[in-house]
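Down below is the structure, laid out as structure tokens.
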Amino acid sequence: MTAFTVALVLVVAASALLRWRRPAWYWLAFGVTLAALRVLVRYRSVMDACGLTVPPTRWRLALARATNQPIPEPRPPRIRRLRPTRTGLVLRLKLRPGQDVFDIAAASDRLRHSFSMFGVTSREVRSGVVEVRMTGYDVLKRVQMPAETEALPMRVPVALREDGSVHYRDYRSIPHALTLGATESGKSVYQRNLVAGLAPLDVALVGIDCKQGVELFPLARRFSALADSPDTAAELLDALVARMADVYRLIRTQQRITVDVPDAEIAADIWDLPDELRPTPVVVLVDEVAELALYATKEEEKRRDRIITALVRLAQLGRAAGIYLEICGQRFGSELGKGITMLRAQLTGRTAHRLNDETSANMAFGDIAPDAVLAAIQIPAELRGLAIAGDASGGWHRIRAPHTSLRQAVNLCNRYADRTPDLPELAPFRPTTGTATELVPSAKASRATA
């Protein structure tokens, strides 16, 4: 009996230590079993207390009266599957007639308390079927991405969601995105994770970093073109617009619109072209959009209008040509001038780290998810990297990217430097990769020598 007591104390102490220092290990070792039992035992009473049950049908009541049986109890949604994950539990429910998915969403906070879980979210899988994801611990406190993620063309994992699932940046479904964040909010780390995810893919990276290149130029070996000033950025964007026109001409000549070709084979964008003819997709990363929109003189105002016009054209027409925009900035508001609101309307994906003002949060989410505005401005300063991600569907999630140092991102870009494509239109802007003082666009250097 003494040995059993000692073993029990050691197990309890080990579980408490794991829960404090390694919550993921604790969950896999102890938490998932205890949580599954707790959900199954409490399920009916919790659903009844949360108002998620329906009264028995008339035929069941009539059958009970006819057979002199007790009146049937209200019925909760039927459990179709209970699946444990590395961060929590996934409960798939079949709704009863008269129930709605919004009933489950409205009761999420009560379900979290009743089942003693850290977080509960829900989504509709199909009509009448709801998936409830429950997390057993704070997955965003120490982000650990899963070892294996789903690999698809032009889709990269960049962060972890609060429900334990992976947050992907999918350029095929969301071609253009806006990322905002104040100083020291984690926006640069998010951008590094994005570049690190794109580095192994067959894609051309184009960067515009008007902070003299301090953010993107260390990653120059993986970039096909870089600009470190508004003047160079204007020329680079004009070259991208010209490339877009050339790609559209290629698609037009290869559309194969004849009576002998099935409709599914008619080309309307670069992904419908044969592999040997498909142009390389281009991802354009703008590190600080406000530097491109500010001006002090008439000449700078003309340059600013030229830049914004090119960005709007790429945002409106670039998807089919395989040109995707990643617009980043600390501030994004209507005071940046005409064309900014038009540009924002084309940026389907929205990500906001900690913001210093409500106006930027409204610019990010006011037109797609108003309830995410308050969540964006309430991110605490000590949780760097925590962000709100949403899209035009109106849904939003809390996400956090794993910490990636600049050295790690540089090493990854150097490893995949051989995948950097040479695009003739962007050749004047190809960065030289010698010493640190030589990491400037060749176009700028040629103008200086001229």
Side-chain angles (χ1 to χ4, degrees), residues 4-50 52-53 76-95 101 103-126 129-151 157-168 383 385-386 389 397-403:
F4 175 77
T5 304
V6 171
L8 182 62
V9 170
L10 291 177
V11 170
V12 172
S15 63
L17 182 63
L18 284 177
R19 189 171 188 177
W20 175 44
R21 300 294 296 177
R22 291 291 185 270
W25 295 2
Y26 167 80
W27 174 256
L28 294 176
F30 304 99
V32 62
T33 303
L34 297 176
L37 292 175
R38 190 163 54 242
V39 169
L40 293 176
V41 170
R42 299 181 184 177
Y43 178 74
R44 180 176 288 274
S45 60
V46 167
M47 290 295 176
D48 190 23
C50 293
L52 298 177
T53 57
R78 184 168 64 250
I79 299 178
R80 301 192 67 174
R81 185 172 64 185
L82 179 62
R83 177 171 59 89
T85 66
R86 58 186 292 270
T87 58
L89 297 173
V90 177
L91 191 65
R92 183 162 291 192
L93 305 177
K94 174 64 176 176
L95 299 181
V101 63
D103 299 334
I104 305 295
S108 295
D109 199 48
R110 286 175 286 171
L111 294 176
R112 177 174 66 89
H113 287 292
S114 301
F115 290 138
S116 301
M117 303 296 286
F118 184 83
V120 173
T121 59
S122 62
R123 69 179 184 92
E124 186 177 16
V125 179
R126 57 181 180 272
V129 179
V130 177
E131 185 178 87
V132 180
R133 299 186 68 95
M134 298 180 282
T135 52
Y137 59 96
D138 187 1
V139 298
L140 301 183
K141 184 177 181 180
R142 183 183 298 170
V143 178
Q144 294 180 343
M145 299 291 286
E148 295 182 1
T149 56
E150 188 178 358
V158 292
L160 199 65
R161 291 182 178 179
E162 62 179 340
D163 60 0
S165 60
V166 178
H167 180 73
Y168 292 92
L383 289 180
L386 188 65
H397 308 272
R398 287 184 178 86
I399 65 170
R400 195 177 190 185
H403 179 71

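Given the structure is predicted, the values throughout are model-derived calculations rather than measurements.
Between Val120 and Ser108, some side-chain heavy-atom pair lies under the 4.5 Å cut-off. Inter-residue side-chain proximity for Glu150 and Val166 is flagged as unmet; no heavy-atom pair is nearer than 4.5 Å. Residues Val39 and Met134 are in side-chain contact: their nearest non-hydrogen atoms beyond the backbone lie under 4.5 Å apart. Proximity of Phe118 to Val139: side-chain heavy atoms (C-beta onward) are nowhere separated by under 4.5 Å.
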*Could you walk me through whether Glu124 and Ile104 pass side chain to side chain contact (heavy atoms under 4.5 Å, CB included), step by step?*
CA-CA 10 Å; Glu124 186 177 16; Ile104 305 295; over 6 Å; no

*With side chain to side chain contact (heavy atoms under 4.5 Å, CB included) as the test, would you mind laying out the steps for Asp109 and His113 before giving the verdict?*
CA-CA 7 Å; Asp109 199 48; His113 287 292; 3.9 Å; yes

*Step-by-step side chain to side chain contact (heavy atoms under 4.5 Å, CB included) determination, Val32 to Leu89*: CA-CA 7 Å; Val32 62; Leu89 297 173; 4.0 Å; yes

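The CZ atom of Arg142 lies 11.0 Å from the CZ atom of Arg400; values are rounded to the nearest 0.5 Å. In this structure, the separation between OG1 on Thr53 and CG on Asp103 is 11.0 Å, given to the nearest 0.5 Å.
Thr135 places a side-chain N or O within donor-acceptor distance of the main-chain N or O of Gly119, the cut-off being under 3.5 Å. Between the Arg83 side chain and the Val90 main chain, no donor and acceptor come within less than 3.5 Å of each other.
Just one residue in the list Leu386, Ile399, Leu160 forms a side chain to side chain contact (heavy atoms under 4.5 Å, CB included) with Val143, and that residue is Leu160. Here the rule is side chain to side chain contact (heavy atoms under 4.5 Å, CB included) with Leu93, and of Met47, Glu131, Arg78 only Met47 fits it.
Note: Phe115 and Tyr43 have parallel aromatic rings, judged against thresholds of 30 and 60 degrees for the angle between ring planes.
Listed here is the closest heavy atom pair of Tyr137 and Thr87: OH-CG2, 3.6 Å. For the residue pair Ser114 and Cys50, the shortest heavy atom distance occurs at OG-SG, 4.4 Å. Taking all atoms of both residues into account, the shortest heavy-atom contact from Arg42 to Ser116 is NH1-OG, 3.6 Å. Between Arg80 and Lys94, the shortest heavy-atom contact is CD-CB, 3.5 Å. Counting all heavy atoms, side chain and backbone alike, His167 lies closest to Ala389 at CE1-CB, 3.7 Å.
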